[in-house]
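Values below: every heavy atom of this structure, side chains too, minus hydrogens, waters and symmetry copies.
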Amino acid sequence: MEDARKAFGSMGNDIQDILIPAEALQKRIADLGRQISLDYLGLNPLVVGILKGVLFFMADLLRNITIPIEMDFIAVSSYSAEARDQGYVRLVKDLETPIHGRHVLFLEDVIDTGLTLNYILQNLRARQPASLEVCVLFNKPEHRLIDIPLKYKGFDLPDQFVVGYGLDYREKYRNLPFIGLLNAEVLKSNRGSK
C-alpha cells in the first residue's frame, strides 16, 4: 500500500493510512453493478448522482451495470454550515430528465448525518417516481441524524476524516483511487485558511 501512496507524490504523503485499497473498491463496485443489473432488469432505470463527489463512483458503477440505463445529475449547495447542519440546501442544478413514473436509483458517494440526502429524496419523491432507491458507496453511521433506507451499500467508514475516490478535503484528494486517512497535520495546518 506504500507504493499506492508514493505514486501520488505530495498528495500521497498527506495520507496517514490507506483504509480501502483501489482493488477492494473496484471489486465491491462490480458486485453492486451485478446486483443492480439483476434487480432492475427490464425497468429502464434512471441513475441519478449528486455532484461532485459521486463522479468516480458513478462512472465505475455504470460500467459494471449490464442493462440499459439512463443517467442524470443534480448539484446542491449549502447556504452556510449552520443551514447544512439543519438539512437546508439549495438546488444548484436540477435534473434534466423527468422522473414521474420512472424507476430512479439515487447514487451518493457518502452519507453522514443524512440531512442533505433526506432533503433531496423528499424533493424527488414529490415528483412521483415509480420507485426511488438509494445506493451509497460509503456509509458513515456515527453521526446519522435521520434514518435513510439504503438498498445498496458499499462500505461502512469509521468516524475519521478520509479522502479519495471522490471524497475531498478543501476540494483536493478526490482523484486518489483509494480511501485514505488524512494526516492530522494536514488538517491542523489548514484550519482557518481558505
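Between Tyr40 and Tyr152, the ring planes lie tilted relative to each other; the angle falls in the 30° to 60° range. Note on ring orientation: taking the six-membered ring where Trp is involved, the planes of Phe56 and Tyr165 are tilted (angle from 30° to 60°).
The number of heavy-atom neighbours closer than 6.0 Å to CE of Met11, taken from other residues, nucleotides and ligands shown, is above 12. Few gaps surround NZ on Lys93; more than 12 heavy atoms of other groups in view lie less than 6.0 Å from it.
Clustering ILVMFWY residues whenever any of their side-chain heavy atoms sit less than 4.5 angstrom apart, transitively, puts Leu62 in the very cluster that holds Leu137. When hydrophobic clusters are built by joining Ile, Leu, Val, Met, Phe, Trp and Tyr residues whose side-chain heavy atoms come closer than 4.5 Å, directly or via intermediates, Leu150 is grouped together with Ile50. Cluster annotation: Val76 and Ile99 are assigned to the same hydrophobic cluster (Ile/Leu/Val/Met/Phe/Trp/Tyr, side-chain heavy-atom contacts under 4.5 Å, transitive).
At a threshold of 4.5 Å between non-hydrogen side-chain atoms, the residues Cys135 and Val47 do not count as touching. Within the 4.5 Å cutoff, the side chain of Leu157 has heavy atoms near those of the Ile20 side chain. The side-chain heavy atoms of Asp60 and Leu25, taken from C-beta on, include no pair separated by under 4.5 Å. The shortest side-chain heavy-atom distance between Tyr173 and Leu167 does not fall under the 4.5 Å cut-off. For the pair Ile111/Val134, a side-chain contact is recorded, criterion being any heavy-atom separation below 4.5 Å from C-beta on. You'll find the side chain of Phe161 stays beyond 4.5 Å of the side chain of Val186, heavy atoms only.
Here the closest non-hydrogen pair linking Arg28 and Lys153 is NH2-O, 2.7 Å. Closest approach of Ser77 and Val92 over heavy atoms only: CB-CG2, 3.5 Å. Shown here for Glu142 and Asp159, the closest heavy-atom pair between the two residues is CG-CB, 3.6 Å. Shown here for Pro141 and Asp156, the closest heavy-atom pair between the two residues is CD-OD1, 4.3 Å. Listed here is the closest heavy atom pair of Pro68 and Pro45: O-CD, 3.6 Å. Listed here is the closest heavy atom pair of Asn183 and Asn13: ND2-O, 3.0 Å.
Of the candidates Thr113, Asn139, Leu115, Arg144 forms a side chain to side chain contact (heavy atoms under 4.5 Å, CB included) with just one, namely Asn139.
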Would Ile74 and Phe106 count as a side chain to side chain contact (heavy atoms under 4.5 Å, CB included) if you check the C-alpha gap in whole Å, the side-chain angles of each, and the deciding distance to 0.1 Å? CA-CA 10 Å; Ile74 62 170; Phe106 189 84; 3.9 Å; yes
Residues Arg102, Thr97; criterion side chain to side chain contact (heavy atoms under 4.5 Å, CB included); working and verdict: CA-CA 10 Å; Arg102 296 287 308 268; Thr97 309; 3.8 Å; yes
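Salt bridge annotation for Asp168-Arg174: present, with a cationic side-chain nitrogen under 4.0 angstrom from a carboxylate oxygen. By the 4.0 Å N-to-carboxylate-O rule, Arg127 lies close enough to Asp94 to be salt-bridged with it.
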